Amino acid sequence: MRVAQTAYARQQRVGMTGNEAVAYAVKQADVDVIAAYPITPQTIIVERLAEYVNNGELNAVYIPAESEHSALSACVGAALAGARVFTATASQGLALMWEILWIASALRTTIVMALANRALSAPINIHCSHDDAYACRDTGWIQFFAENVQEAYDLTLMAFRVSEDKRVLFPSIVNLDGFILSHGLEALYVLSDDAVKGFIPPKEPVYPIDPERPMTYGPLALFDYYMEFKKVQAEAFKRVYPVILETFGKYEEISGRRYSPVKTYLMEDAEVAVVVLGSSAGTARYVARRLRAKGQKVGVVSLTLYRPFPAGDLAKALRGLKAVVVMDRSYSFGSPGAQLFMDVATALYHERERPLLINAIYGLGGRDLMPQHVEEAFEVAREAARTGEVKEREIWLGVR
Amino acid sequence: MATPIKTLKEIPREELFTPGHRLCAGCGIPQLVRMVLKAIPGPKVIVNATGCLEVATTIYPYTSWKVPWVHNAFENVAATAAGIEAAFKALEKKRGVKRPKIIALAGDGGTFDIGLQALSGALERGHDMIFICYDNEAYMNTGIQRSGATPRGAATTTTPAGSVVPGKIERKKDLMGIAISHGVRYAATMNPAYPVDMYNKIVKAASVEGPTVLHYFCPCPTGWRFDTAKSIEVSRLAVQTRYWPLYEYEDGTYRINVVVRNPRPLEDFLKLQGRFAHLLRPENKHILEQLKRDVEENWNRLMKLAGLS
């Protein structure tokens, strides 16, 4: 690939943790305002950003807010005023922001947030679950999932471009698995500042706060108008997906790295597969490769995009399979399946032929996902495929 | 800073807050808003907490505001204003965008209670904004529930004047004290019966770089249960009974703007309002006495701070 080689020649190979990579991307994006509150495992992102600002490497105003609720509230105000805005949080912090997540989306702000995924209390825990990402799936934010540090960096840059695209104007979350990615040191390629500047030009705000053109932001709308507001928002959100595909394409041109909402691995002739989000994709692929060597027809599907949910592309990727295990790093009490499972099941419902579905709960609160856990998931899928029956719809991997 | 005005005739005529809003007859809010928009010339942005003012002036597709107006949520007006202020600071540096004055408006709920944390954070960080609390001493928008600003003895829907518990038994919070202890350079109380004083205080607050706090006595005929024609009378009595001292704090100095030498009896203020009706009955005399002590103690404290006693 000539394009890719040229692109890589202009990039620097560096070692960074996920948090550092996100902060570096935010600096290169030349944000105007950062408002945040420290929370493990995100804290290093905002510490780095504070250093960039205080050392004059980033010309931005940093608001050390007194809570996550205020941090996101300040982000909303700053975004409406026309600034490029960033925040970062995790778990309890996101829960505290939750009220404002809806407002940030409905007011069509273009905030970018890094979410270092962490389990929700109780018991209190600082390690990875996807509870926080799932908890805001309905709020009107675009959500990307990184599976390694390179992706955390790349997706942060792409999130700014997608959110600020005039066909989009919705806020974005970049999910990176707490500690596994946020604190994991990896080698990655970073773009030059100029390349980033070309990819994300200065924000051209749409209807910013302007005393010359006074407008009312965030009015009251009751039963006579509220529903139309929501319909407009729904229609607008449906137009986000193609812009994301287009942005992935543009990013490939400058970076040589190809992104896709749905990633498939060894899926061509697969009979069973696992569907997974985040850093576990790598573990799943490693196991799939080993099982393939033993002649088992297994594959892996992972999602880079969680909202808008790539239902059509996912259904296509799972077409012809006999059984699928959907891996959830969270649990939805009383629901007919955990959160990703419900989305996958809904995506498949409209298919003429559907695979058998099993929901595997794994990795809660940072519990390691070991290769044998993925092997277990594949074995359950293979058994279902063999017998044509699902013995247990919900299995827990690695629980004592 | 502009010279203080002496009469109402000196106030600009231009109205940036238009009629047609749904605030109640006799409500004290519109007078405050009109005065704020007149006293602060040039580009400005209003940031409004959820509450009476917000719901009554921006019922889609209508708006009463001829200036940029932003509503985010209830408890976060100071944080939202902080974000807007920070954005304009950044955009001024990077792109030469002109910085407007940022004015946060909230009721007592959005200031004393649910909004206190965001207010404290914004004051401590020193954002350049004027924070104005229109204090009608209860959650009026949701139907007159008690707040941290409700005075001792007042009846609200969550502190009804019952036979065992006669209204709210706790004292009102000291918002001015809270603001001043954050190190703000200017804070003042205001009252609609004293419009010239009010106008000059808004001008002064706007002239200070950094956060300032204005605490406005906001008569509420609906919640306090008085004749809508008597808003100004009730407001004036609040000052004349020493219930609502008009004072300001400026760079370490306290000044009482209306020194009430011979106060009217507190009952004159109370008896016009249904929320205090039960306090005037003999069985509740002890609460009335406590409220009187609150008023007296506060006045004596301020006189001492202002060097007048």
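Quantities reported herein were computed from a predicted structural model and do not represent experimental measurements. Naming: A, B, ... by sequence-line order, numbering from 1 per chain.
Ranked by non-hydrogen atom pairs under 4.5 Å with chain A, the options B:A122, B:A78, B:A86 are led by B:A86. Each of A:P208, A:S67, A:G77 has some count of heavy-atom pairs under 4.5 Å with chain B, and the biggest count is that of A:G77. Of the residues considered (B:A79, B:P68, B:A90, B:S120), B:P68 shows the highest number of contacts with chain A, using heavy-atom pairs under 4.5 Å. Of the listed residues (B:H127, B:K94, B:H71), the greatest number of heavy-atom pairs within a distance under 4.5 Å of chain A belongs to B:K94. Among A:D32, A:V33, A:D30, A:L72, the residue with the largest count of heavy-atom pairs under 4.5 Å with chain B is A:D32. Among B:Q117, B:K93, B:K44, B:K89, the residue making the largest number of heavy-atom pairs under 4.5 Å with chain A is B:Q117.
The environment of CZ in B:R99 is crowded: more than 12 heavy-atom neighbours from other residues, nucleotides or ligands sit within 6.0 Å. The neighbour count for A:K250 NZ, taken as heavy atoms of other residues, nucleotides or ligands under 6.0 Å away, does not exceed 12. No more than 12 heavy atoms of other residues, nucleotides or ligands lie within 6.0 Å of NZ in B:K66, so this atom counts as exposed by the packing criterion.
Aromatic pair B:H215/B:F112: centroids less than 6.0 angstrom apart. Residues B:W65 and B:F17 place their aromatic rings such that the two centres sit under 6.0 Å apart. Between B:Y186 and B:Y249, a ring centre-to-centre spacing not shorter than 6.0 Å is recorded. Separation of the A:F229 and B:Y60 ring centroids falls under the 6.0 Å cut-off.
Without hydrogens or angle criteria, A:D193 side chain to A:Q28 main chain gives no donor-acceptor distance under 3.5 Å. A donor-acceptor pair is defined here as one N or O able to donate and one able to accept, closer than 3.5 Å; no such pair exists between the side chain of B:Q145 and the backbone of B:T156.
Looking at A:I103, only its side chain comes within 4.5 Å of chain B, counting heavy atoms on both sides. Proximity to chain A (any heavy atom under 4.5 Å) is restricted, for B:L91, to the side chain, taken from C-beta onward. For chain A, the nearby part of B:V45 is the side chain; its heavy atoms alone come within less than 4.5 Å. Neither the backbone nor the side chain of A:V53 comes within less than 4.5 Å of any heavy atom of chain B.
There is a side-chain donor-acceptor pair under 3.5 Å between A:S105 and A:Q233.
Salt-bridge annotation for A:E164 and A:K203: absent, with no side-chain N of the basic residue lying under 4.0 Å from a carboxylate O of the acidic one.
Heavy-atom neighbours of chain B within the stretch residues 212-223 of chain A, taken at a separation under 4.5 angstrom, comprise A:P214, A:M215, A:T216, A:Y217, A:G218, A:P219, A:L220, A:A221.
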